[in-house]
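Heads up, the thing below is written out as structure tokens.
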There are 2 protein chains.
Amino acid sequence: MSKFRLDEVDHQILDMLIDNTRVPFTDIAKKLLISAGTVHVRVKKMEDAGIIMGSSLTLDYEKLGYSFIAYVGVFLNNTSQTKFVLERINEIPFVTVAHVTTGKFNIFCKIRAKDTKHAKDVIFMIDDIDGVYRTETMISLEESINDKKRLMHTIFKNM
Amino acid sequence: MSKFRLDEVDHQILDMLIDNTRVPFTDIAKKLLISAGTVHVRVKKMEDAGIIMGSSLTLDYEKLGYSFIAYVGVFLNNTSQTKFVLERINEIPFVTVAHVTTGKFNIFCKIRAKDTKHAKDVIFMIDDIDGVYRTETMISLEESINDKKRLMHTIFKNM
DNA sequence: CAAAAGAAACACAAATTATCCGATTATAAA
DNA sequence: TTTATAATCGGATAATTTGTGTTTCTTTTG
């Protein structure tokens with residue numbers, strides 16, 4: 001909404017928190033040579049501005065038994081069914097990401113499953129949704145880059 | 001590595017922390033009717049086991065000026081170039097995710113850019129990498145499901 | 001340019017929270 | 001049952017966050 005410009009200090013605070021949300025404000029303060037109170041105020045400001053939307057854990061899904069990742073492109077019979085199909089897709093817990101896209105597919109999603117058999121079940125669930133014409137699956141052999149957050153916002157300054 | 005079985009309490013702790021990593025252990029303890037010390041040792045145990053890999057902020061990239069998301073499929077001249085190309089791709093800050101995939105593309109990645117012009121620049125950067133034959137872009141019109149973490153691990157129990 | 005107003009940072013205090021540890025209870029093995 | 005092992009508790013202590021008044025810096029305005 002309102003123009004909210006982050007300065008160098010804000011960026012560095014974000015960097016440290018993106019790396020580990022539980023790093024004490026006192027540590028951030030020490031590193032940036034400011035007071036812990038200032039860190040507190042700035043973080044609060046970024047939260048209020050909606051720039052920091054929340055925080056979450058990074059879990060090892062392999063260890064949790066989910067080592068299978070695939071991307072599934074969805075073709076619809078008709079674009080008007082997009083909303084309905086998305087709602088059904090959202091009910092499938094193993095679909096972790098979904099986009100409405102231009103190009104080849106109407107909807108494009110990412111699934112995370114235990115194994116190929118489980119993935120097949122999930123894909124069939126998507127296929128079975130009313131309005132889905134067919135799907136096309138791409139299996140991930142390796143998740144090489146995961147979620148490059150730090151670089152994303154840092155470079156913001158230059159580019 | 002070692003068999004590590006999460007029980008109901010672990011799951012509920014994870015649920016609360018996935019939702020907000022800064023929720024006090026004392027709050028978790030109160031809600032689950034256990035002591036704060038127990039929460040502490042259980043979280044530590046999950047960290048040591050590598051199930052909790054870390055924590056990160058969720059930022060509003062729209063507010064930060066990055067409202068453009070696209071998926072880019074990459075065709076290579078030769079599969080043997082995969083590693084090299086991935087390294088080059090990793091150097092582009094706006095590529096936030098990359099997978100080696102089966103099917104149509106050799107590499108599949110997600111980019112986040114400021115606008116179409118900026119996205120074009122990023123895609124051209126990928127195109128210009130040695131060994132990249134051509135790319136195919138899918139533009140996201142809407143990020144409908146973002147990163148459904150809670151459901152993922154909760155359902156683990158049943159399915 | 002100087003004065004005044006507004007915003008940001010600081011230092012410190014108070015409140016909250018994490019962490020540690022011995023005692024106790026629960027669970028599993030012999 | 002007895003013993004060994006692991007988990008939990010509860011409270012003491014250390015660390016951290018959060019609020020407050022004051023000071024410093026910036027910006028605006030006359």
From CD1 of A/I28 across to C1' of C/dC10 the rounded distance in Å is 17 Å

task = Would you indicate whether B/D130, at its atom CG, is surrounded by more than 12 heavy atoms from other residues, nucleotides or ligands within a distance under 6.0 Å?
result = no

### Query
Is the distance from OP1 or OP2 of C/dA18 to the nearest side-chain N or O of B/H40 less than 4.0 Å?
no

* Asked: Between B/F105 and B/F75, what is the ring plane arrangement, given parallel below 30°, perpendicular above 60°, and tilted in between?
  -> perpendicular

Walking DNA chain D from its 5' end, the first of A/K44 and A/D27 to be reached, judged by nearest nucleotide, is A/D27

message: Please determine whether a side-chain nitrogen of the Lys or Arg among A/R150 and A/D15 lies less than 4.0 Å from a carboxylate oxygen of the Asp or Glu.
response: no

Of D/dA7, D/dT18, C/dT19, the nucleotide closest to the side chain of B/R42 is D/dA7

| task | State plainly whether the residues A/K104 and B/E136 are in salt-bridge range, i.e. N to O under 4.0 Å. | result | no

Considering only heavy side-chain atoms of A/T26, the closest of D/dT18, D/dT16, D/dG10 is D/dT16

* Test: B/R42 and B/D7 ion pair at under 4.0 Å -> yes

Ranking B/F25 and B/V41 by the position along DNA chain C of their nearest nucleotide, the one closer to 5' is B/F25

Next item on the list: Mind telling me whether A/H118 and A/Y66 have parallel, tilted or perpendicular rings, with 30° and 60° as the class edges?
Entry: tilted

| said: Is there a side-chain contact between A/S35 and the phosphate of C/dC10, meaning an N or O under 4.0 Å from OP1 or OP2? | reply: yes

Out of C/dC10, D/dT17, C/dT19, minimum distance to the side chain of A/I34 belongs to C/dC10

ask   = Any side-chain N or O of B/R22 under 4.0 Å from OP1/OP2 of D/dT17?
value = yes

Which of C/dA11, C/dA8, C/dA18 is nearest the side chain of A/K45? It is C/dA8

>> I'd like to check B/T137 versus B/I111 (side-chain heavy atoms, cut-off strictly below 4.5 Å). Are they in contact?
In response: no

Report all interatomic pairs (protein N or O, nucleotide N or O of nucleotides 22-24 of chain D) with separations under 3.5 Å.
none

Closest to the side chain of B/T38, out of C/dC10, D/dC9, C/dT19, is D/dC9

